[in-house]
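As structure tokens, the structure follows; a few thoughts come after it.
So that the names make sense, note that chain A is the first sequence line, chain B the second, and so on, each numbered from 1. These numbers were taken from a predicted model, which means no experiment stands behind them.
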Amino acid sequence: MNFFADRAAAAALAAAPAALQPLLEAKAIVEHTNINPNKAAHIGHLRNAVLGDTWVRLLRRRGETVEVQNLQDNTGVQVADVAAAFLYLNGAAGDAAAAIAQVETVLADPAVRFDYLCWDLYAAIAQHYEQHPDDLAAWRPATLQAIEAGANPIATLAAVISTAIARCHLRTMQRIDVEYDLLPRESEILHLDLWRHAFALLRQRGAIRLESAGKNAGCWVMDRAEARGPEGEEETKVIVRSNGTVTYVGKDIAYQMWKFGLLPLEFGYARFYEYPSGHVAWTTADRSAPGAPAFGRGVWVFNVIDVRQSYLQEVVVAGLRALGAEHEAARSVHFSYEMVALSPACAAELGYLASAEASGGKRVDVSGRKGTGVKADDLLDRLEARTREEVAARHPDRPAAERERLAAAIAVGALRYFLLKFSRTTPIAFDFKEALSFEGETGPYVQYAAVRATAIGRKAADAGQPAAAAWDAAWSGSLDDTAAWTLLWHAGRLEAAVAQSLDAAEPAQLAKFAFQLAQTFNNFYHHTPVLQEENPDRRTFLLWLVAYVQRQLAEALALMGIAVPEAM
RNA sequence: GGGCGCGUAGCUCAGUUGGACCAGAGCAUCGGCCUUCUAAGCCGACGGUCGCAGGUUCGAAUCCUGCCGCGCCCGCCA
């Protein structure tokens with residue numbers, strides 16, 4: 001069989017595409033970022049946030065209702081370790097009040113990047129603990145218990161630290177246009193006895209049982225008949241330790257239950273952070289502030305978490321199943337992605353390796369405990385420094401403030417595209433050379449194409465011929481031009497690309513589409529003069545086409561959280 | 001031992017959802033193109049037994065089986 005495309009009909013369709021229909025029954029909760037609030041964000045966190053944020057934008061584009069959550073583990077070991085560092089390593093000699101005063105002082109100092117300071121402190125205490133196991137045995141549990149108990153100076157110290165760091169993280173993410181609706185905090189999860197309620201339900205439904213013998217005697221465990229351990233034995237997962245404390249997975253099951261509205265309790269909510277747009281990120285609190293929205297009770301839950309936690313995410317879902325929450329289990333999605341490591345050259349450049357050869361050609365893992373990795377803000381600073389340079393060279397006449405805006409937009413474009421162009425299952429070996437590149441398959445390449453398209457439209461408008469808003473059937477004859485037709489056809493595929501990206505849960509497909517459309521346009525741009533076109537009908541058509549492509553490019557970029565600068 | 005992922009050009013990666021963009025892109029290298037809508041661009045060249053071996057099919061990078069290699073996970077850590 002042969003199929004023939006009616007180009008004019010296709011053009012008319014492209015100009016007025018059918019809207020995507022929402023597929024999810026109701027609110028979806030997307031949880032991403034989830035950085036421990038004890039130190040600066042790094043490149044791996046950026047991949048998480050950018051993937052999560054782009055997924056949110058894709059879902060919203062389809063018309064879904066989405067709530068973005070960013071869990072704060074403000075009572076965990078990582079925060080406790082930094083609190084202990086302030087208590088014992090910085091001259092406070094264990095006096096929490098003195099440590100708090102110290103923290104307040106550095107927080108008040110605009111020259112100090114608090115999250116960077118904590119990054120170093122965290123590495124310092126990790127090293128100290130390694131060399132002084134006695135201190136580890138004494139400081140960590142004491143700090144942890146004080147934090148969990150609450151209402152004491154050490155808990156206050158930890159709260160001051162974790163709150164300040166959370167704000168640092170929100171500011172960092174704001175730089176790349178990532179915003180949140182709610183920051184649920186472990187502290188409120190503890191105070192609300194989320195776990196006690198979940199435990200009662202799990203027990204009542206027979207999802208967990210008390211092990212009476214064997215290595216897990218005295219623990220509440222969940223059976224996992226489908227899984228096999230290292231010796232081929234049937235697997236059980238400890239949910240409650242023999243000392244009565246809850247494991248990480250146990251807490252995660254409880255939290256997942258809350259997200260689905262399966263627990264009979266409600267958090268209070270307080271305003272935490274206001275974005276320039278006026279949008280507010282809320283956090284959990286003991287009492288609700290007036291006007292607090294209703295959070296939680298999602299029908300779909302997407303957890304953006306790295307691939308190493310696949311097993312644990314399976315356990316969480318198995319927990320829901322064991323509870324009889326089959327419907328919720330089927331709507332729990334682990335939006336997983338591979339890790340970001342450092343390329344050998346990058347690790348060597350940062351001084352983590354004597355030479356690139358020392359890694360044996362393999363990527364080098366980052367480690368918060370060792371203090372290795374690329375801080376998110378450092379990377380953004382370097383990107384902006386580079387774009388600023390380029391912008392200054394290309395647009396010396398523009399005012400400084402405008403140049404700053406351009407540089408920032410291009411830096412974000414470079415970073416977000418770099419993190420999105422790899423499929424989720426591909427581990428990224430981070431490399432400055434690649435990330436700082438603005439040529440070839442990069443965000444700036446796509447932005448550049450859109451900027452050029454904008455420029456043509458602007459010049460035409462200045463000359464008194466703005467682009468027509470709608471497709472005109474009278475232009476059909478112009479579609480015989482293969483270059484124009486190819487471009488139109490490609491641009492019209494945005495809806496399909498978005499749908500595909502959603503179906504495959506793969507933002508990289510959208511990135512690829514945007515790049516290819518930009519390529520097609522750049523090619524067209526070089527071979528088809530628009531403003532010089534003599535035939536007025538054809539010029540009108542070309543202007544419409546360029547405006548249409550510009551809109552499609554801008555929309556694809558917006559879905560990736562990338563803006564089109566006014567100039568490049 | 002089990003589970004998951006990966007193996008495609010010198011390098012980094014797309015392409016695998018029940019097969020038909022027939023091997024693609026970017027970078028790197030080499031060679032062209034700025035008095036014409038911005039050269040962060042365009043054009044061209046070079047470059048691949050799609051890990052190996054079988055199988056299914058009219059047709060396989062894609063599906064099936066078996067190997068080989070690499071990574072991650074399988075804690076009363078989070």
Open item on the list: Heavy atoms only, 4.0 Å cut-off, all strands: where does A:Asn523 land among base, sugar-phosphate and nothing?
Closed with: sugar-phosphate

With [atom1] as the reference atom in both, quote the distance from [N] to [M] in angstrom, rounded to an integer.
N     : M     : atom1 : value
B:C73 : B:U56 : C1'   : 33 Å
B:A53 : B:G71 : C1'   : 24 Å
B:C68 : B:C52 : C1'   : 7 Å
B:C4  : B:G44 : P     : 44 Å
B:C70 : B:A25 : C1'   : 24 Å
B:G7  : B:G15 : P     : 10 Å
B:G75 : B:A20 : P     : 41 Å
B:C11 : B:U49 : P     : 13 Å

Open item on the list: Within this structure, what is the CG-CG distance for the pair A:Asn36 and A:Asn38, rounded to the nearest 0.5 Å?
Closed with: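 Spacing of CG (A:Asn36) from CG (A:Asn38) equals 5.5 Å.
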
TODO: Could you tell me the separation between the CH2 atom of A:Trp195 and the OG1 atom of A:Thr245, rounded to the nearest 0.5 Å?
DONE: 10.5 Å

Open item on the list: Distance criterion of 3.5 Å, no angle test: do you see the side chain of A:Thr426 paired donor-to-acceptor with the base of B:C13?
Closed with: no

- [ ] Assess A:Lys421 against A:Phe418: is NZ or CZ under 6.0 Å from the centre of the six-membered ring, and within 45 degrees of the ring's axis?
- [x] no

TODO: State whether A:Phe335 and A:Arg424 meet the cation-pi test: NZ (Lys) or CZ (Arg) under 6.0 Å from the six-membered ring centroid, and within 45° of the perpendicular axis.
DONE: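 Pair A:Arg424/A:Phe335 counts as cation-pi.
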
Task: Among B:U38, B:A40, B:C72, the one nearest A:Glu390 by side-chain distance - done: B:A40

Pairing check on [N]: which nucleotide meets the Watson-Crick or G-U wobble criteria with it, both distances under 3.5 Å?
N     : answer
B:C4  : B:G71
B:C76 : none
B:G54 : B:C64

TODO: Tell me which of A:Lys433 and A:Pro444 sits closer to the 5' end of RNA chain B, going by the nucleotide each one is nearest to.
DONE: A:Lys433

Open item on the list: Which is more 5' along RNA chain B, the nucleotide nearest A:Glu566 or the one nearest A:Lys421? Just name the residue.
Closed with: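 Of the two residues, A:Lys421 wins.
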
Tell me: [atom1] of [X] to [atom2] of [N], nearest whole Å?
X        : N     : atom1 : atom2 : result
A:Arg363 : B:U12 : CZ    : P     : 8 Å
A:Phe521 : B:C37 : CZ    : P     : 13 Å
A:Tyr525 : B:A39 : OH    : P     : 5 Å

TODO: Tell me whether B:C72 sits syn or anti, counting syn as a glycosidic angle within 90° of 0.
DONE: anti

Task: Shortest non-hydrogen contact between A:His395 and A:Ala567, atoms and distance - done: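 In terms of heavy atoms, the two residues are closest at CE1-CB, 4.0 Å.
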
